[in-house]
Every structure is written in C-alpha cells, then in structure tokens.
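Inspection log for the structure reproduced underneath, given as structure tokens.
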Amino acid sequence: MFHLNPHQHSNSVETPADAASPSVLPPALIERVTGLVSAMQGDCELGLADAAPVVPGRGAGIECAISSDGDAALYFHESAVINSKSAIVIKGSAHRVIVAAKAQLEGCTFDIGGESAVVVIGPGAKLRNLRLSLRGRNTAILIGAQSTWVGNGNQVMCEGDDTQVIIGDDSMMAHGVIIRTSDGHSIFDRSSQRQLNVPASVVIGPHVWLANSVRINKGTRIGAGTVVGQCSVASGRLDAQCVYAGVPARKVREGIVWSRSAAYDGVPKRFR
C-alpha cells in the first residue's frame, strides 16, 4: 500500500514507515466493502482476504501514471498488472483503490473525485480500455473475480452520493458497454421542484454477459447468468438466466445458460 497526499503527482508517492514489511488491507476497509456488497445483495469475490500479501508501494507490474490533487490509499497485489497506458487520477479525499491478485488492466483510467470513494478490481479480472469515473460522497465500483471487459468505449460512471456499481464474478462485458448510476443532468417537477431522476445504484449478478454497446441505466439490477443483447438499453430489474434485448430491453427467453466457448462444458457448473 502507499498513501497519496494532496498535490503529489505522477510517480511521486509517500510510503509508510513500515513499508519494508508486507501489509494487508485494514480490517475497517474490508468491513466497509463487504458491507456494501451485502447491503446491495451483490454476489462477487473481491479477494480482500487473500492470504498472499499486498505489496507496500508499487509492485513491478504497476506501470500506470498516478496523479493526485487529493488523497488516497492504493493497494496493489504483488501479482497485479496495470500497464503504462493506464492512469489513476485522484481528486478529493479519503479514497481507496484495491487491485487484487492476478488482475490485469490495459489502457484503463480511474477518474476518482468526491469523498470516500472505493474501487475494487477482483482477482483475475481482465479489463481493457475501461474508464471508471466516480463523483460524490461514499461511491463505489466493485468488479468481481475473473470478470472481463474488452474493446473500446467502455465506461462505468458512478455519480451521486452513496451510489455503487457492483459487478459479479465471471461477468463478460463487450465493446462499448456503458453503465451509469445517474442521468448526468437533473430533471425536476415544475410545480414542486422535486428532482425526478435521482441517482441509484446498479447491481449486476455473477456470470452476466453484456453484449456490444449495451447501456445499463441507473437503478438496474441484473440477475445471475443473464445475457443482454447488443445495443440494448436496460432499466429496472432483469431476471436471472434469461435473455433480454431491445430498447428498452425486454425478456425474449427464459431458462438459459451461456458459455465463453462453443461448448456446453464451458458453462460454469454453478449455473448449469
């Protein structure tokens, strides 16, 4: 782990005095993250209790640029890889970033603002050209173990106080998928001045496949094992092990399983 103080930039970091010895995640941080997953009824393995040590400072595989006008504690597992085309930009205060064992990030950007944000990339996750943006107080983006994200134009925008995006294990996101917890601009009732489009968290179950150019709107919950067809726009609650497609996304088939390969044996046993 290392701690970024305000106005530190690029590779300039302040390492704790005990950095010569391996560090582990603070219990309070583990409790906060597991509490978020439980409260949102998420289902994902984040590698927080991994027996292998978290590297104090930056591991050999961490090549990304890091800049800060705020403060953050960053925890990179010794086997994590973040390439030089990636960047972590910190604004605001009290942020926490965890990249777990064997996670691989290529061309990814973490744009973290506000206060007390948490980002966790689970064990073995493989993310390419993904932009994570967090704005507000107590926001979180949690991506489960073995999940993958490929292509270009990929975004998760977590905006609004106390909002989260939770993505379960072994989920597969294709090119151009965008997930948002807000509409970006406010709509009000003219007579009462009450905001109509309040930000809301997104929860995606394990082993979900989001195809090319899918849009996931604020407040969406997707059940485990579901497929959302390309160019669909999903809102509300999507049942488990179904296919949804269209604008808006509607259920077109129930009782399905899917595989990353052409063979049925590629379907994870827990979903058969």
Side-chain angles (χ1 to χ4, degrees), residues 42-47 61-65 76-77 79-89 97-112 119-134 141-158 165-181 202-217 220 222-234 238 243-245 249 256-268 271:
D43 183 1
C44 55
E45 169 56 47
L46 298 172
I62 309 302
E63 301 176 347
C64 63
F76 302 132
H77 191 274
S79 61
V81 175
I82 309 178
N83 78 345
S84 60
K85 295 181 180 179
S86 298
I88 298 176
V89 181
V97 177
I98 303 166
V99 182
K102 298 182 180 180
Q104 299 179 33
L105 280 67
E106 178 182 337
C108 296
T109 299
F110 295 3
D111 181 7
I112 305 174
V119 175
V120 183
I121 309 301
K126 296 182 180 180
L127 311 178
R128 185 186 307 160
N129 300 327
L130 172 62
R131 181 179 182 87
L132 305 181
S133 176
L134 300 94
I141 296 175
L142 314 176
I143 299 178
Q146 308 300 325
S147 287
T148 58
W149 211 314
V150 300
N152 297 296
N154 309 312
Q155 297 185 62
V156 178
M157 290 174 276
C158 188
V165 174
I166 300 176
I167 299 174
D169 302 340
D170 191 43
S171 287
M172 183 171 71
M173 281 66 68
H175 172 92
V177 170
I178 297 177
I179 300 172
R180 302 190 67 161
T181 62
V202 171
V203 180
I204 297 172
H207 192 58
V208 166
W209 174 8
L210 304 180
N212 289 342
S213 301
V214 162
R215 300 294 184 264
I216 305 298
N217 288 332
T220 302
I222 302 178
T226 280
V227 176
V228 183
Q230 64 180 349
C231 299
S232 298
V233 178
L238 281 61
V243 175
Y244 285 79
I256 63 96
V257 294
W258 66 271
S259 170
R260 290 175 182 262
S261 70
Y264 181 82
D265 287 346
V267 179
F271 297 107

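- The shortest heavy-atom contact between Gly168 and Cys44 is CA-CB, 3.7 Å.
- Summarising the geometry, atom OG1 belonging to Thr226 is positioned 6.0 Å from atom CD1 belonging to Ile256; distances are rounded to the nearest 0.5 Å.
- In this view, Ser259 and Ser261 satisfy the side-chain hydrogen bond (donor to acceptor under 3.5 Å, both in side chains) rule, not counting sequence neighbours.
- Of all the heavy atoms in Arg260 and Gln146, the pair that sits closest is NH2-O, 3.6 Å.
- Here the straight-line distance linking atom CZ of Arg131 with atom CD of Gln155 works out to 7.0 Å at 0.5 Å rounding.
- Under the side-chain hydrogen bond (donor to acceptor under 3.5 Å, both in side chains) criterion, Thr109 pairs with no residue at all, not counting sequence neighbours.
- For Trp209, the ring-ring contact (aromatic ring centres under 6.0 Å, His included) partners are Trp258, not counting sequence neighbours.
- Minimum interatomic distance between Leu127 and Ser147 (heavy atoms only, all atoms of both residues): CD2-O, 4.3 Å.
- Contact record, Gly205 with Ser171: O-OG, 3.1 Å, taken as the closest heavy-atom pair.
- Every residue meeting the side-chain contact (heavy atoms from CB on, under 4.5 Å) condition with Val257, not counting sequence neighbours, appears here in chain and number order: Gln241, Tyr264, Val267.
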So Val97 and Ile112, side-chain contact (heavy atoms from CB on, under 4.5 Å) or not? Walk me through it.
CA-CA 10 Å; Val97 177; Ile112 305 174; 3.6 Å; yes

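- Ala87 meets the side-chain contact (heavy atoms from CB on, under 4.5 Å) test with no other residue; sequence neighbours excluded.
- Annotation for Gly176 and Arg215: closest pair O-NH1, 2.7 Å, computed over non-hydrogen atoms.
- For Asp169, the salt bridge (charged side-chain N to carboxylate O under 4.0 Å, His left out) criterion is met by no residue, not counting sequence neighbours.
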Counting only pairs under 3.5 Å, give me each side-chain donor-acceptor contact of residues 99-106, with atom names and distances, residues two or more places apart or in other chains.
none

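- Taking OG from Ser133 and CG from Asp111, the interatomic distance works out to 4.5 Å, rounded to the nearest 0.5 Å.
- Met173 contributes atom CE, which lies 13.0 Å from atom CZ of Arg128 (distance to the nearest 0.5 angstrom).
- Looking at Val228, Thr220, Ile179 one by one, the single match for side-chain contact (heavy atoms from CB on, under 4.5 Å) with Ile204 turns out to be Ile179.
- For Gly229 against Ala211, the heavy-atom pair with the smallest separation is C-CB, 3.8 Å.
- Partners of Ala224 under the side-chain contact (heavy atoms from CB on, under 4.5 Å) rule, at least two apart in sequence or in another chain, are Pro206, Phe271.
- Test Leu130, Leu142, Ile82, Leu132 against Ile121 for side-chain contact (heavy atoms from CB on, under 4.5 Å) and you get one pass: Leu132.
- With sequence neighbours excluded, the residues that form a side-chain hydrogen bond (donor to acceptor under 3.5 Å, both in side chains) with Asn154 are Trp149.
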Show, in sequence, the C-alpha distance, side-chain angles and deciding distance for Ile222 and Ile216, and conclude whether the side-chain contact (heavy atoms from CB on, under 4.5 Å) test is met.
CA-CA 10 Å; Ile222 302 178; Ile216 305 298; 3.8 Å; yes

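- In this structure, the side-chain hydrogen bond (donor to acceptor under 3.5 Å, both in side chains) partners of Ser86, at least two apart in sequence or on a different chain, are Asn83.
- With sequence neighbours excluded, the residues satisfying side-chain contact (heavy atoms from CB on, under 4.5 Å) with Asn152 are Asn129, His175.
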